[in-house]
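Below is one structure, written out as structure tokens; comments come after it.
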Amino acid sequence: MLPHESTPIVARFAPSPTGSLHLGNARTALFSYWWARKSGGRFILRIEDTDQERSQIKFRDALLADLAWLGMDWDEGPDVGGPSAPYSQAERGAFYAGLYSDLERSGRAYPCYCTAEELELSRKLQRMAGKPPRYAGTCRALSQAERAEREARGLRPSLRFQVASGAAIVFEDAVHGTQRFASDDIGDFIIRREDGTAAFFFCNAVDDSAMGVTQVLRGDDHLTNTPRQLMILEALAMRAPAYGHVGLLVGADGAPLSKRHGSTSVAEFRQRGFLSVALLNQLFRLGHTGDVEAWLPASQMAAHFRPEHLGRAPARFDEAQLVHWQKESVARLSAEEMKEWLGAHDSPDFVELIRHNVVLPTDATPWREVVSGELPPLGDSERHLIGAAGHEFFRAALGAFDESHGDFKLLTKLLKDKTTRKGAELFMPLRVALTGQAHGPELAPLLKLMPAATARRRLERYAQNP
RNA sequence: GCUCCCUUCGUCUAGAGGCCUAGGACACGGCCCUCUCAAGGCUGUAACACCGGUUCGAAUCCGGUAGGGAGCGCCA
């Protein structure tokens, strides 16, 4: 790509290590990554592990592994360090503490002693009254004495951001265009939890700013949260990044992607044997249109990424389309890659023969059985094909087999003369008898790969009268 | 309830007032190739949510309706 086409941006991916990498998150990570790389900018990985209960090291490690499997690398991150270290929010407490006291000093934040139960009740009442559930402002104007009284009762305060009244928050969304919100629609919100840890709105915003992120790309579900983050940064006089919100990735029925839609995590697709380049090609085209339609190698995706063609509407994930990119990807595998992907000691001839008949490594198993194992029982339609051919046909086939000494071309020629059958009538019964299936790789090379005794036994079986 | 977002073939999408009797891809059907199915090549069916307006002209602009989604959390 040409560097002058766009100014270098600093993008980031900021996952929470509370589970495995979800397809939707992987997609926004990829979009950010491609954008950064295309622009010649930087890509940062930050771990948002402020939720101590749910965050786990094993999830963090798995996350890094999944991102690497997808071909991503980062210029700054928890494992590689960087100028804005640390890249784990759990380790950034001191940084947040300074900002909290700035906010308290300037009167933009105040301690809130309301309990979770009180807040829950308040929201319920507001909802019932047909009003938006917003913080009522109970602790907003507490006197020094009132605070001391609550502290004395052993109440631990959270810290709330005081939203200015009558303000308009306007920003340019990279995907949706100009967005305008009224501060009066937003209640005071918590920026530090009772246990002293930083809340998402706060740490996510200040870290993006402090780390020099210039372009935040995230899911649409964050669009209406953006004004809160903009207000925090403004109160702190910190530079705000540009935000862009892409349409969500949903299941085939339009509902948020979940377990009942099948595989939803990157790890699951990897375990099933999908190639990362296949997943990449699929994700590249969901909610985004690049400047080429054809299959792309991972190395060229950044160059063909077009941030101005990011989609606003939710995109449905359709596994059939992923299967297509998987086929395209398998077709391009080298012989060695193919063998490694199949994970078995297959002969090169076998691997090439089944290449176009396997989508996932497990699809090779039946063909291995065809070549050197036992055939499973026939299905109904296969049985009909055998029955329609009749015992006479297989008796003739057996004779032709013996006469041709493994030369399939000669075998079919002899058989054609003996039975006057040709085309599908000739080939299909042979295929079914020999492989147990009505479809598959070319028959001649397949026959060559199986022991003569095995092939003969399979024909013999149908040559006998029942 | 309030605020915000979204709506082109079954699916992913192109389309930024005339190039659109709406293009491509997946899926599906047909044909060709191969004495067979698959693979491969070609081809077909199929969409502007709805109603008004602006305009000589609207998928594209405006308003409304309907439907879907998100946020309003001491979860991110």
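No experiment lies behind these values; they were computed from the predicted model shown. What you see below is based on every heavy atom in this structure, not just the backbone, and it leaves out hydrogens, waters and symmetry mates.
Nucleotide B/rA76 holds its P atom 14 Å from the CZ atom of A/Phe189, rounded to whole Å. Across the protein-nucleic acid pair, A/Arg54 atom CZ and B/rG73 atom P stand 17 Å apart, rounded to whole Å. Atom P of nucleotide B/rC12 and atom CG of A/Leu280 are separated by 20 Å, given to the nearest angstrom. When rounded to the nearest whole Å, the span between CD of A/Gln52 and P of B/rC75 equals 11 Å. One interatomic measurement links the two molecules: CD of A/Gln321 to P of B/rC9, which rounds to 14 Å at whole-angstrom precision. Spacing between atom NE2 of A/His288 and atom P of B/rG24 amounts to 21 Å, rounded to whole angstrom units. Per the geometry, CD belonging to A/Glu53 stands 21 Å off P belonging to B/rG73, to the nearest Å. For A/Arg160 and B/rC72, the CZ to P distance is 13 Å, given to the nearest whole Å.
One finds a side-chain N or O of A/Arg123 lying less than 4.0 angstrom from the OP1 or OP2 phosphate oxygen of B/rC74. Remark: A/Thr50 is in phosphate contact with B/rA76, judged by side-chain N or O atoms under 4.0 Å from OP1 or OP2.
Counting heavy atoms from C-beta outward, A/Val246 and A/Arg218 have side chains that stay 4.5 Å or more apart. Side chains of A/Leu360 and A/Phe274 form a contact here, defined as non-hydrogen atoms less than 4.5 Å apart.
If you check every strand for non-hydrogen atoms under 4.0 Å, A/Cys114 touches a base. Nucleic acid contact for A/Ile190: base, since at least one base atom lies under 4.0 Å from a heavy atom of the residue. Within the nucleic acid shown, A/Glu194 comes within 4.0 Å of at least one base atom, counting heavy atoms only. At the heavy-atom level, A/Gly187 lies nowhere under 4.0 Å from the strands shown.
Of the residues in residues 164-172 of chain A, not one places a heavy atom less than 4.0 Å from an atom of RNA chain B.
Screening residues 187-196 of chain A for salt bridge (Lys or Arg N to Asp or Glu O under 4.0 Å) gives A/Arg140-A/Asp188 as the qualifying pairs, with residues at least two apart or on separate chains. Pairs of residues two or more places apart, or lying in two chains, that qualify as salt bridge (Lys or Arg N to Asp or Glu O under 4.0 Å) and include a residue from residues 309-327 of chain A are A/Arg272-A/Glu319. Counting only residues at least two apart or on different chains, the side chain to side chain donor-acceptor pair (under 3.5 Å) pairs with a member in residues 160-172 of chain A are A/Glu172-A/Thr178. Residue pairs that meet the ring pair (Phe, Tyr, Trp, His ring centres under 6.0 Å) test with at least one member in residues 158-178 of chain A, sequence neighbours left out, are A/Phe161-A/Phe189. For residues 378-387 of chain A, the set of pairs meeting the side chain to side chain donor-acceptor pair (under 3.5 Å) definition, not counting sequence neighbours, comprises A/Asp380-A/Arg383. Listed by first then second residue, pairs satisfying side chain to side chain donor-acceptor pair (under 3.5 Å) with a partner in residues 280-292 of chain A read A/Asn281-A/Arg285, A/Asp291-A/His304, not counting sequence neighbours.
By the 4.0 Å N-to-carboxylate-O rule, A/Glu442 lies too far from A/Lys448 to be salt-bridged with it.
Comparing the same atom, C1', in B/rG17 and in B/rA27 gives a spacing of 34 Å after rounding to whole Å. Rounded to whole Å, the C1' atom of B/rC51 lies 23 Å from the corresponding atom of B/rC56. Comparing the same atom, P, in B/rG10 and in B/rC48 gives a spacing of 9 Å after rounding to whole Å. Spacing of C1' atoms, B/rA25 relative to B/rU21, comes out at 22 Å, to the nearest Å. B/rC20 sits 14 Å from B/rG15 when the P atoms are compared, rounded to a whole Å. B/rA38 sits 25 Å from B/rA46 when the P atoms are compared, rounded to a whole Å. One P atom belongs to B/rC12, the other to B/rU3, and the distance between them is 29 Å to the nearest Å. Only the P atoms considered, B/rU45 is 34 Å distant from B/rC62, to the nearest whole Å.
Remark: the A/Glu151 side chain and the A/Tyr113 side chain contain an N/O donor-acceptor pair separated by less than 3.5 Å.
Every side-chain hydrogen bond (donor to acceptor under 3.5 Å, both in side chains) that A/Glu48 has, sequence neighbours left out, goes to A/Arg46, A/Gln89, A/Asn204. In this view, A/Pro376 satisfies the side-chain contact (heavy atoms from CB on, under 4.5 Å) rule with no residue, not counting sequence neighbours.
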What pairs of nitrogen or oxygen atoms, one from the protein and one from nucleotides 64-71 of chain B, lie under 3.5 Å apart?
unit_1: B/rA70; atom_1: O2'; unit_2: A/Asp221; atom_2: O; d: 3.1
unit_1: B/rG71; atom_1: O4'; unit_2: A/Thr224; atom_2: OG1; d: 3.1
unit_1: B/rG71; atom_1: O2'; unit_2: A/Thr224; atom_2: OG1; d: 3.3
unit_1: B/rG71; atom_1: O2'; unit_2: A/Asn225; atom_2: ND2; d: 3.2

Show me the protein contacts with nucleotides 33-38 of chain B, counting only N or O atoms at under 3.5 Å.
unit_1: B/rC35; atom_1: O2'; unit_2: A/Gly423; atom_2: N; d: 2.9
unit_1: B/rC35; atom_1: N3; unit_2: A/Lys416; atom_2: NZ; d: 3.4
unit_1: B/rC35; atom_1: N4; unit_2: A/Thr412; atom_2: OG1; d: 3.1
unit_1: B/rU36; atom_1: O2; unit_2: A/Arg431; atom_2: NE; d: 2.8
unit_1: B/rU36; atom_1: O2; unit_2: A/Arg431; atom_2: NH2; d: 3.1
unit_1: B/rU36; atom_1: N3; unit_2: A/Arg431; atom_2: NH2; d: 3.0
unit_1: B/rC37; atom_1: O2; unit_2: A/Gly440; atom_2: N; d: 2.5
unit_1: B/rC37; atom_1: O2; unit_2: A/Gly440; atom_2: O; d: 3.2
unit_1: B/rC37; atom_1: N3; unit_2: A/Arg431; atom_2: NH2; d: 2.9
unit_1: B/rC37; atom_1: N3; unit_2: A/Gly440; atom_2: O; d: 2.6
unit_1: B/rC37; atom_1: N4; unit_2: A/Arg431; atom_2: NH2; d: 3.4
unit_1: B/rA38; atom_1: O2'; unit_2: A/Asn357; atom_2: OD1; d: 3.3

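Atoms SG and CD1, from A/Cys112 and A/Ile190 in turn, are 6.0 Å apart once rounded to the nearest 0.5 Å.
Each of A/Tyr135 and A/Ala315 has a nearest nucleotide on RNA chain B; the 5'-most of these lies closest to A/Ala315. In terms of position along RNA chain B, the nucleotide closest to A/Thr178 lies nearer the 5' end than the nucleotide closest to the other residue of the pair A/Thr178 and A/Phe200.
If you check B/rA25, B/rU7, B/rU3 against the side chain of A/Ala313, the one that comes closest is B/rU7. When each of B/rC12, B/rC26, B/rC72 is scored by its nearest atom to the side-chain atoms of A/Pro133, the top-ranked nucleotide is B/rC72. Closest to the side chain of A/Asp51, out of B/rC5, B/rC75, B/rU11, is B/rC75. Checking B/rG24, B/rA14, B/rC72 against the side-chain heavy atoms of A/Arg134 singles out B/rC72 as nearest. For A/His324, counting side-chain heavy atoms from C-beta on, the closest listed nucleotide (B/rC26, B/rU3, B/rC12) is B/rC26.
In this structure B/rU36 sits in no base pair that meets the Watson-Crick or G-U test at under 3.5 Å. The base-pairing partner of B/rC42, taking Watson-Crick or G-U wobble contacts with both distances under 3.5 Å, is B/rG30.
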Pairs of donor and acceptor atoms involving the side chains of residues 425-432 of chain A, under 3.5 Å and at least two apart or interchain, shall be tabulated with distances.
unit_1: A/Arg431; atom_1: NH1; unit_2: A/Pro441; atom_2: O; d: 3.1
unit_1: A/Arg431; atom_1: NH2; unit_2: A/Pro441; atom_2: O; d: 3.0

